[in-house]
Amino acid sequence: MPARWLMKSEPDVYAFADLVRDGRTHWDGVRNYQARNMMRDAMAIGDLVLYYHSNTNPPHVAGVARVCKEGYPDHTALDPSSHYHDPKATPENPRWIMVDIEPVVELVQPVALNDIKNDPYFEGMPLVQRGQRLSIQTVDEHHFRRILELGGLDVHDLLGEDA
DNA sequence: GCCAACGTTGGC
DNA sequence: GCCAACGTTGGC
């Protein structure tokens, strides 16, 4: 069973529509060890991702993406001209890791953070926990499915299951 | 723009 | 290894 994830992006920086336009992207710029470790150790090709828009009103899940390349060095850490440059990164020890993702489908209806917060079904989901800032989070299967439903998608169809 | 929560840095 | 200072995240 592939794992389920949630990845945050500010739509002004890189929205789900940008991912759809590009067809695929490097998830560069992650500079948090917990998030890095998940990309390095746990994310696998085929894993599905809830694409979450943060720092927008309202914050919401916008679409579904899929991991299409597993963890490898984030070259922006080595690039002095990059906003994500890290002087402590070296080619021998690149320090930061990224994965590639590709779009699967946009939600028919975006699922707002508030709707997730107000639904007891999502109790315990990291996204709604106080102080949770991680830009990459694991998502339980039942939470994942419920988000897709609320987003107006056919879950069985999307996951390739018999109805 | 505010600020709570949290992570990182670096002096000691 | 402690912890104060500082930076970032991200909802509101």
Side-chain angles (χ1 to χ4, degrees), chain A residues 3-22 25-43 47-67 70-101 103-104 106-140 142-152:
Chain A
R4 313 300 189 196
W5 307 93
L6 179 143
M7 297 170 95
K8 297 181 186 174
S9 182
E10 301 189 19
D12 288 349
V13 176
Y14 197 80
F16 187 73
D18 296 317
L19 179 62
V20 170
R21 178 199 63 210
D22 295 342
T25 198
H26 323 287
W27 205 252
D28 59 9
V30 172
R31 296 293 178 266
N32 171 283
Y33 288 109
Q34 259 182 282
R36 179 204 67 181
N37 293 348
M38 285 192 270
M39 289 196 288
R40 186 188 61 192
D41 305 331
M43 294 183 88
D47 285 357
L48 292 180
V49 175
L50 297 175
Y51 197 105
Y52 179 85
H53 284 166
S54 64
N55 246 306
T56 188
N57 192 13
H60 60 275
V61 178
V64 181
R66 182 192 294 116
V67 176
E70 294 178 7
Y72 64 107
D74 178 346
H75 55 78
T76 63
L78 298 169
D79 177 1
S81 70
S82 169
H83 177 245
Y84 298 122
H85 178 237
D86 178 352
K88 291 182 180 166
T90 65
E92 297 73 37
N93 180 13
R95 193 151 128 130
W96 300 111
I97 295 289
M98 60 188 179
V99 297
D100 288 2
I101 62 171
V104 175
E106 185 175 17
L107 296 195
V108 177
Q109 326 238 7
V111 179
L113 176 61
N114 209 255
D115 294 334
I116 299 173
K117 276 190 170 166
N118 290 335
D119 186 340
Y121 190 82
F122 293 108
E123 250 178 45
M125 190 178 181
L127 185 68
V128 301
Q129 272 162 34
R130 225 170 81 100
Q132 179 54 267
R133 299 182 316 175
L134 264 194
S135 63
I136 302 180
Q137 306 179 358
T138 58
V139 178
D140 289 348
H142 68 290
H143 288 153
F144 183 83
R145 286 172 180 261
R146 183 72 182 132
I147 298 273
L148 299 189
E149 277 177 21
L150 293 173

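All values below were derived from every heavy atom in this structure, side-chain atoms included, with hydrogens, water molecules and symmetry-related copies excluded. Here the structure is a predicted model, which is why all the values come from computation and not from measurement.
- Atoms NE2 (A/His83) and P (C/dT8) sit 8 Å apart, rounded to a whole Å.
- Put simply, CZ on A/Arg31 is 13 Å from P on C/dT8, counting in whole angstrom units.
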- Query: How far apart are the C-alpha atoms of A/Leu148 and A/Leu50, what are their side-chain angles, what is the distance that settles it, and do they pass the side chain to side chain contact (heavy atoms under 4.5 Å, CB included) test?
  - Reply: CA-CA 9 Å; A/Leu148 299 189; A/Leu50 297 175; 4.1 Å; yes
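- Where A/Gly131 and A/Arg95 each meet DNA chain B at their nearest nucleotide, the meeting point lying more 5' is that of A/Gly131.
- Using modelled atom types, one finds no donor on one side chain facing an acceptor on the other under 3.5 Å when comparing A/Arg133 with A/Ser54.
- Shown here for A/Ser135 and A/Ala35, the closest heavy-atom pair between the two residues is OG-CB, 4.2 Å.
- Residue contacts for A/Arg130: at a heavy-atom cut-off of 4.0 Å it reaches the sugar-phosphate backbone alone, with no base atom in range.
- Rounded to a whole Å, the CD atom of A/Gln137 is 13 Å from the P atom of B/dC6.
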Between the protein and nucleotides 9-12 of chain C, list every N/O to N/O distance that falls short of 3.5 Å.
{"from": "C/dT9", "atom 1": "O3'", "to": "A/Arg133", "atom 2": "O", "distance (Å)": "3.4"}
{"from": "C/dG10", "atom 1": "OP1", "to": "A/Lys8", "atom 2": "NZ", "distance (Å)": "3.0"}
{"from": "C/dG10", "atom 1": "OP1", "to": "A/Arg133", "atom 2": "O", "distance (Å)": "2.5"}
{"from": "C/dG11", "atom 1": "OP1", "to": "A/Tyr52", "atom 2": "OH", "distance (Å)": "2.8"}
{"from": "C/dG11", "atom 1": "OP2", "to": "A/Asn55", "atom 2": "N", "distance (Å)": "3.0"}
{"from": "C/dC12", "atom 1": "OP1", "to": "A/Lys117", "atom 2": "NZ", "distance (Å)": "2.6"}

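- Looking at heavy-atom distances under 4.0 Å, A/Arg36 makes no contact with the nucleic acid at all.
- Residue pairs meeting the side-chain hydrogen bond (donor to acceptor under 3.5 Å, both in side chains) criterion with at least one member in residues 55-65 of chain A, sequence neighbours excluded, are A/Glu10-A/Asn55, A/His53-A/His60.
- Rounded to an integer number of Å, the gap from OH of A/Tyr33 to C1' of C/dT8 is 15 Å.
- In this structure, a donor-acceptor pair under 3.5 Å is present between the side chains of A/Tyr72 and A/His26.
- Identified under the side-chain hydrogen bond (donor to acceptor under 3.5 Å, both in side chains) test for residues 81-92 of chain A, with sequence neighbours left out: A/Asp79-A/Ser81, A/Asp86-A/Arg95, A/Asp86-A/Trp96.
- Rounded to an integer number of Å, the gap from CH2 of A/Trp96 to P of B/dG7 is 12 Å.
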